[in-house]
**Student:** 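Starting off with a structure, shown below.
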Amino acid sequence: MVNEGHLHEQDLERIRKLRIFDDDFLKEVFDGNFESTELVLNVIFDRNDIKVIKVIGQREIKGIEGHSVRLDILAEDSEGHAYDIEVQRQDKGWLHLRARYNSSMMDTVLLPEGEDYSKLIPTYVIFFVEKDAVGDGLPLHHYTMRDETTNEHLNDGRHIIFVNGDNKDESTRLGKLVHDFKCTSPDDMYYDVLAKRVRHFKETEGGIAHMCKLMEDMRNEAARDAAILAYIESARHYGVADDLIIADIMKKYNLTEQEAKDYMLKKSA
(Lines give C-alpha, C1' and ligand atoms only; values in the text may rest on other atoms or scores of the structure.)
Protein backbone atom coordinates (compact mmCIF):
# COMPACT_ATOMS: atom_id res chain seq x y z
CA MET A 1 0.00 0.00 0.00
CA VAL A 2 1.33 3.46 -0.94
CA ASN A 3 2.14 5.73 2.00
CA GLU A 4 0.44 9.02 1.08
CA GLY A 5 2.47 10.99 3.61
CA HIS A 6 5.69 9.65 2.12
CA LEU A 7 4.49 10.52 -1.38
CA HIS A 8 3.67 14.06 -0.22
CA GLU A 9 7.16 14.51 1.21
CA GLN A 10 8.65 13.20 -2.03
CA ASP A 11 6.54 15.68 -3.98
CA LEU A 12 7.67 18.58 -1.80
CA GLU A 13 11.30 17.60 -2.36
CA ARG A 14 10.74 17.39 -6.10
CA ILE A 15 9.13 20.82 -6.10
CA ARG A 16 12.15 22.28 -4.32
CA LYS A 17 14.42 20.86 -7.04
CA LEU A 18 12.35 21.97 -10.04
CA ARG A 19 13.85 24.39 -12.55
CA ILE A 20 12.38 26.16 -15.55
CA PHE A 21 14.50 23.75 -17.61
CA ASP A 22 12.05 21.03 -16.54
CA ASP A 23 9.34 21.11 -19.18
CA ASP A 24 6.40 20.45 -16.85
CA PHE A 25 7.51 23.33 -14.64
CA LEU A 26 8.13 25.56 -17.67
CA LYS A 27 4.49 25.10 -18.61
CA GLU A 28 3.32 26.19 -15.15
CA VAL A 29 5.62 29.22 -15.01
CA PHE A 30 4.61 30.57 -18.43
CA ASP A 31 1.06 29.34 -19.01
CA GLY A 32 -1.13 32.44 -19.34
CA ASN A 33 1.68 34.66 -18.03
CA PHE A 34 2.29 37.45 -20.54
CA GLU A 35 4.97 39.22 -18.51
CA SER A 36 7.30 36.22 -18.23
CA THR A 37 6.83 35.30 -21.89
CA GLU A 38 7.51 38.87 -23.02
CA LEU A 39 10.70 38.87 -20.97
CA VAL A 40 11.98 35.71 -22.65
CA LEU A 41 11.18 36.91 -26.18
CA ASN A 42 12.63 40.39 -25.65
CA VAL A 43 15.86 38.93 -24.27
CA ILE A 44 16.23 36.41 -27.10
CA PHE A 45 15.65 39.02 -29.81
CA ASP A 46 17.50 41.76 -27.91
CA ARG A 47 14.44 44.00 -27.90
CA ASN A 48 12.25 45.69 -25.33
CA ASP A 49 9.02 46.22 -27.27
CA ILE A 50 7.60 42.74 -27.95
CA LYS A 51 4.06 42.52 -26.57
CA VAL A 52 2.45 39.11 -26.09
CA ILE A 53 -1.29 38.81 -26.67
CA LYS A 54 -1.71 35.07 -26.09
CA VAL A 55 0.25 32.35 -24.30
CA ILE A 56 -0.85 28.74 -23.77
CA GLY A 57 1.03 25.98 -21.96
CA GLN A 58 1.28 22.52 -23.52
CA ARG A 59 -0.87 22.92 -26.62
CA GLU A 60 -1.35 19.53 -28.24
CA ILE A 61 -1.64 19.42 -32.03
CA LYS A 62 -3.10 16.25 -33.48
CA GLY A 63 -1.50 14.86 -36.62
CA ILE A 64 -3.95 13.85 -39.34
CA GLU A 65 -2.03 10.71 -40.27
CA GLY A 66 1.30 11.07 -38.49
CA HIS A 67 2.50 11.86 -34.97
CA SER A 68 0.84 14.38 -32.73
CA VAL A 69 2.98 16.98 -31.00
CA ARG A 70 2.67 18.78 -27.67
CA LEU A 71 4.16 22.26 -27.69
CA ASP A 72 5.52 23.37 -24.31
CA ILE A 73 4.54 27.03 -24.77
CA LEU A 74 2.64 28.50 -27.73
CA ALA A 75 2.56 32.30 -27.79
CA GLU A 76 1.49 35.06 -30.17
CA ASP A 77 2.58 38.70 -30.18
CA SER A 78 0.96 41.94 -31.26
CA GLU A 79 2.86 41.87 -34.58
CA GLY A 80 1.17 38.63 -35.62
CA HIS A 81 4.14 36.35 -34.97
CA ALA A 82 3.81 32.94 -33.30
CA TYR A 83 6.33 31.31 -30.98
CA ASP A 84 6.85 27.75 -29.77
CA ILE A 85 9.10 27.85 -26.69
CA GLU A 86 10.59 24.50 -25.65
CA VAL A 87 13.14 23.22 -23.15
CA GLN A 88 15.31 20.25 -23.95
CA ARG A 89 17.42 18.57 -21.30
CA GLN A 90 19.44 16.53 -23.80
CA ASP A 91 20.17 16.69 -27.51
CA LYS A 92 19.72 13.15 -28.80
CA GLY A 93 20.95 14.07 -32.26
CA TRP A 94 17.51 14.76 -33.72
CA LEU A 95 16.83 18.17 -32.20
CA HIS A 96 16.85 19.91 -35.59
CA LEU A 97 14.32 17.38 -36.91
CA ARG A 98 12.00 17.89 -33.96
CA ALA A 99 12.23 21.65 -34.51
CA ARG A 100 11.35 21.14 -38.19
CA TYR A 101 8.31 19.04 -37.23
CA ASN A 102 7.12 21.53 -34.61
CA SER A 103 7.41 24.31 -37.17
CA SER A 104 5.30 22.44 -39.70
CA MET A 105 2.66 21.53 -37.12
CA MET A 106 2.36 25.17 -36.03
CA ASP A 107 1.36 26.07 -39.57
CA THR A 108 -1.42 23.48 -39.53
CA VAL A 109 -3.20 25.18 -36.63
CA LEU A 110 -2.32 28.80 -37.41
CA LEU A 111 -3.69 28.83 -40.96
CA PRO A 112 -7.50 28.67 -40.83
CA GLU A 113 -9.19 26.21 -43.17
CA GLY A 114 -9.89 27.74 -46.55
CA GLU A 115 -7.46 30.65 -46.10
CA ASP A 116 -4.87 31.51 -48.73
CA TYR A 117 -1.22 30.63 -48.03
CA SER A 118 -0.47 34.34 -47.93
CA LYS A 119 -2.16 34.31 -44.52
CA LEU A 120 0.61 32.16 -43.03
CA ILE A 121 2.25 34.12 -40.23
CA PRO A 122 5.94 34.12 -39.22
CA THR A 123 6.70 31.31 -36.78
CA TYR A 124 9.60 30.87 -34.37
CA VAL A 125 10.51 27.54 -32.80
CA ILE A 126 12.77 28.29 -29.83
CA PHE A 127 14.61 25.50 -28.05
CA PHE A 128 16.40 26.16 -24.77
CA VAL A 129 18.88 23.27 -24.81
CA GLU A 130 20.59 22.51 -21.51
CA LYS A 131 23.81 21.51 -23.26
CA ASP A 132 25.55 23.17 -26.19
CA ALA A 133 23.61 21.54 -29.03
CA VAL A 134 25.81 22.92 -31.81
CA GLY A 135 29.10 22.59 -29.97
CA ASP A 136 30.72 25.90 -30.91
CA GLY A 137 30.13 27.77 -27.66
CA LEU A 138 27.97 30.51 -29.19
CA PRO A 139 25.09 31.61 -26.95
CA LEU A 140 22.43 31.33 -29.64
CA HIS A 141 21.85 30.05 -33.19
CA HIS A 142 19.07 31.45 -35.39
CA TYR A 143 18.23 29.46 -38.53
CA THR A 144 16.15 30.48 -41.55
CA MET A 145 15.72 29.08 -45.06
CA ARG A 146 18.34 30.30 -47.55
CA ASP A 147 19.15 29.77 -51.23
CA GLU A 148 22.25 27.57 -51.36
CA THR A 149 23.30 29.21 -54.62
CA THR A 150 22.91 32.91 -53.79
CA ASN A 151 22.71 32.73 -49.97
CA GLU A 152 19.55 34.88 -50.12
CA HIS A 153 16.76 34.40 -47.61
CA LEU A 154 13.68 32.55 -48.81
CA ASN A 155 11.58 34.81 -46.55
CA ASP A 156 8.98 32.12 -45.90
CA GLY A 157 8.63 33.21 -42.28
CA ARG A 158 10.10 30.07 -40.67
CA HIS A 159 12.64 30.50 -37.89
CA ILE A 160 14.35 27.95 -35.67
CA ILE A 161 16.40 29.12 -32.69
CA PHE A 162 18.63 27.10 -30.36
CA VAL A 163 19.60 28.76 -27.08
CA ASN A 164 22.79 27.37 -25.55
CA GLY A 165 22.11 26.27 -21.97
CA ASP A 166 25.86 26.05 -21.34
CA ASN A 167 26.14 29.83 -21.70
CA LYS A 168 27.70 31.07 -18.45
CA ASP A 169 28.26 34.71 -19.45
CA GLU A 170 26.02 36.36 -16.86
CA SER A 171 27.13 39.82 -17.98
CA THR A 172 24.59 39.58 -20.83
CA ARG A 173 20.79 39.57 -20.76
CA LEU A 174 20.71 36.15 -22.40
CA GLY A 175 23.30 34.72 -20.02
CA LYS A 176 21.24 35.92 -17.07
CA LEU A 177 18.12 34.33 -18.56
CA VAL A 178 19.86 30.97 -19.05
CA HIS A 179 21.11 31.19 -15.46
CA ASP A 180 17.55 31.75 -14.22
CA PHE A 181 16.27 28.76 -16.21
CA LYS A 182 18.72 26.59 -14.25
CA CYS A 183 17.97 27.97 -10.77
CA THR A 184 16.08 25.93 -8.19
CA SER A 185 15.68 28.91 -5.84
CA PRO A 186 13.93 32.16 -6.85
CA ASP A 187 16.30 33.99 -4.50
CA ASP A 188 19.16 33.25 -6.90
CA MET A 189 17.42 34.60 -10.02
CA TYR A 190 18.30 37.82 -11.84
CA TYR A 191 14.86 38.53 -13.30
CA ASP A 192 12.21 39.48 -10.74
CA VAL A 193 9.42 38.54 -13.16
CA LEU A 194 10.57 34.92 -13.25
CA ALA A 195 11.52 34.82 -9.57
CA LYS A 196 8.03 35.96 -8.55
CA ARG A 197 6.39 33.27 -10.67
CA VAL A 198 8.72 30.50 -9.46
CA ARG A 199 8.28 31.60 -5.84
CA HIS A 200 4.51 31.25 -6.20
CA PHE A 201 4.77 27.55 -7.08
CA LYS A 202 7.52 26.76 -4.58
CA GLU A 203 6.64 28.85 -1.53
CA THR A 204 2.93 29.74 -1.43
CA GLU A 205 0.26 27.39 -0.13
CA GLY A 206 -1.83 27.60 -3.29
CA GLY A 207 1.14 27.16 -5.61
CA ILE A 208 2.49 24.14 -3.73
CA ALA A 209 -0.97 22.53 -3.64
CA HIS A 210 -1.26 23.05 -7.41
CA MET A 211 2.13 21.42 -8.03
CA CYS A 212 1.32 18.45 -5.76
CA LYS A 213 -1.93 17.91 -7.67
CA LEU A 214 -0.02 18.12 -10.95
CA MET A 215 2.42 15.44 -9.77
CA GLU A 216 -0.44 13.21 -8.67
CA ASP A 217 -2.04 13.60 -12.11
CA MET A 218 1.29 12.77 -13.76
CA ARG A 219 1.58 9.58 -11.69
CA ASN A 220 -1.94 8.57 -12.66
CA GLU A 221 -1.24 9.29 -16.33
CA ALA A 222 2.01 7.29 -16.20
CA ALA A 223 0.17 4.35 -14.62
CA ARG A 224 -2.52 4.54 -17.31
CA ASP A 225 0.12 4.67 -20.07
CA ALA A 226 1.88 1.64 -18.59
CA ALA A 227 -1.40 -0.29 -18.41
CA ILE A 228 -2.23 0.48 -22.06
CA LEU A 229 1.22 -0.52 -23.28
CA ALA A 230 1.13 -3.72 -21.22
CA TYR A 231 -2.28 -4.55 -22.72
CA ILE A 232 -0.89 -4.05 -26.24
CA GLU A 233 2.13 -6.24 -25.49
CA SER A 234 -0.05 -9.02 -24.07
CA ALA A 235 -2.51 -8.89 -26.98
CA ARG A 236 0.28 -9.08 -29.52
CA HIS A 237 1.83 -11.99 -27.63
CA TYR A 238 -1.41 -13.92 -28.17
CA GLY A 239 -1.53 -12.99 -31.85
CA VAL A 240 -4.36 -10.46 -31.76
CA ALA A 241 -4.45 -8.36 -34.92
CA ASP A 242 -3.44 -4.72 -34.58
CA ASP A 243 -6.80 -3.40 -35.79
CA LEU A 244 -8.58 -5.39 -33.07
CA ILE A 245 -6.13 -4.15 -30.43
CA ILE A 246 -6.79 -0.58 -31.53
CA ALA A 247 -10.55 -1.11 -31.24
CA ASP A 248 -10.13 -2.73 -27.82
CA ILE A 249 -8.00 0.02 -26.27
CA MET A 250 -10.22 2.73 -27.78
CA LYS A 251 -13.19 1.21 -25.93
CA LYS A 252 -11.38 0.16 -22.74
CA TYR A 253 -9.46 3.41 -22.20
CA ASN A 254 -11.77 5.89 -23.97
CA LEU A 255 -9.21 6.80 -26.65
CA THR A 256 -9.64 8.33 -30.07
CA GLU A 257 -8.45 6.24 -33.01
CA GLN A 258 -5.38 8.45 -33.45
CA GLU A 259 -4.51 8.20 -29.74
CA ALA A 260 -4.79 4.41 -29.94
CA LYS A 261 -2.54 4.34 -32.99
CA ASP A 262 -0.01 6.54 -31.19
CA TYR A 263 0.14 4.00 -28.37
CA MET A 264 0.68 1.23 -30.91
CA LEU A 265 3.58 3.18 -32.37
CA LYS A 266 5.07 3.72 -28.91
CA LYS A 267 5.02 -0.02 -28.28
CA SER A 268 6.64 -0.67 -31.66
CA ALA A 269 9.45 1.84 -31.04
Side-chain angles (χ1 to χ4, degrees), residues 4 7-44 50-62 68-77 82-90 98-99 102 105-106 109 124-131 161-163 165 174 176-225:
E4 292 186 3
L7 275 179
H8 182 67
E9 287 302 320
Q10 285 184 325
D11 286 346
L12 292 179
E13 181 61 24
R14 286 181 62 193
I15 291 169
R16 285 190 285 269
K17 293 179 178 179
L18 284 172
R19 310 167 308 157
I20 299 176
F21 252 115
D22 299 304
D23 56 1
D24 289 312
F25 195 48
L26 172 93
K27 180 259 181 185
E28 299 305 319
V29 170
F30 288 94
D31 188 17
N33 190 278
F34 292 10
E35 198 174 10
S36 296
T37 309
E38 286 174 354
L39 168 71
V40 169
L41 295 179
N42 277 300
V43 169
I44 288 175
I50 295 177
K51 296 296 181 184
V52 170
I53 61 172
K54 182 186 296 183
V55 56
I56 305 170
Q58 291 195 346
R59 167 71 184 271
E60 186 170 8
I61 304 174
K62 298 288 187 181
S68 299
V69 64
R70 180 177 293 177
L71 307 182
D72 284 346
I73 299 295
L74 180 62
E76 294 182 34
D77 69 13
Y83 306 88
D84 165 32
I85 304 173
E86 305 275 333
V87 288
Q88 185 69 40
R89 298 287 297 274
Q90 296 178 346
R98 182 182 167 192
N102 282 22
M105 292 297 279
M106 288 176 72
V109 297
Y124 296 80
V125 176
I126 302 169
F127 274 86
F128 281 82
V129 190
E130 189 165 21
K131 302 300 181 182
I161 296 171
F162 295 153
V163 179
L174 185 57
K176 288 181 172 68
L177 183 65
V178 168
H179 167 271
D180 285 4
F181 267 54
K182 290 187 168 185
C183 284
T184 58
S185 171
D187 294 336
D188 298 329
M189 292 182 166
Y190 284 105
Y191 291 106
D192 291 340
V193 170
L194 294 180
K196 179 181 178 181
R197 190 71 170 162
V198 169
R199 184 170 284 110
H200 168 72
F201 290 112
K202 286 176 175 272
E203 298 179 4
T204 71
E205 183 177 349
I208 293 171
H210 175 83
M211 292 304 300
C212 287
K213 176 63 166 59
L214 175 66
M215 290 179 179
E216 180 183 357
D217 291 345
M218 289 170 61
R219 281 193 293 270
N220 292 338
E221 184 178 353
R224 180 174 181 267
D225 286 350

**Student:** Tell me, do Phe201 and Ile208 make a side-chain contact under 4.5 Å, heavy atoms counted?
**Tutor:** no
**Student:** Do the numbers put Lys196 on top of the ring of Tyr191, so that NZ or CZ is under 6.0 Å from the six-membered ring centre and no more than 45° off the axis?
**Tutor:** no
**Student:** Are Met211 and Phe25 packed together at the side-chain level, in the sense that at least one heavy-atom pair is separated by less than 4.5 angstrom?
**Tutor:** yes
**Student:** Evaluate side-chain contact (heavy atoms from CB on, under 4.5 Å) for Arg16 paired with Thr184, printing each intermediate quantity in order.
**Tutor:** CA-CA 7 Å; Arg16 285 190 285 269; Thr184 58; over 6 Å; no
**Student:** What pair of heavy atoms forms the shortest contact from Ile73 to Gly57, and how long is it?
**Tutor:** CD1-CA, 3.8 Å
**Student:** If you take all heavy atoms of Gly165 and Val178, which pair is closest and at what distance?
**Tutor:** O-CG1, 3.6 Å
**Student:** Can you see which heavy atom on Ile50 is nearest to which on Glu38, and at what distance?
**Tutor:** O-CG, 3.7 Å
**Student:** Should Phe128 and Asp23 count as side-chain neighbours, where that means a heavy-atom distance under 4.5 Å?
**Tutor:** no
**Student:** Please tell me if the side chains of Arg89 and Asp22 come closer than 4.5 Å, counting only heavy atoms from C-beta onward.
**Tutor:** yes
**Student:** Who passes side-chain contact (heavy atoms from CB on, under 4.5 Å) against Tyr190, sequence neighbours left out?
**Tutor:** Glu170, Lys176, His179, Asp180
**Student:** Parallel, tilted or perpendicular for Phe30 and Phe181, by the 30°/60° rule?
**Tutor:** tilted
**Student:** Below 4.5 Å, heavy atoms only, C-beta onward: do Val29 and His200 meet side chain to side chain?
**Tutor:** no
**Student:** Decide yes or no for Asp72 and Lys27: does some side-chain heavy atom of the first lie under 4.5 Å from some side-chain heavy atom of the second?
**Tutor:** no
**Student:** Can you confirm whether Phe127 sits close enough to Asn102 that some side-chain heavy atom of one is under 4.5 Å from a side-chain heavy atom of the other?
**Tutor:** yes
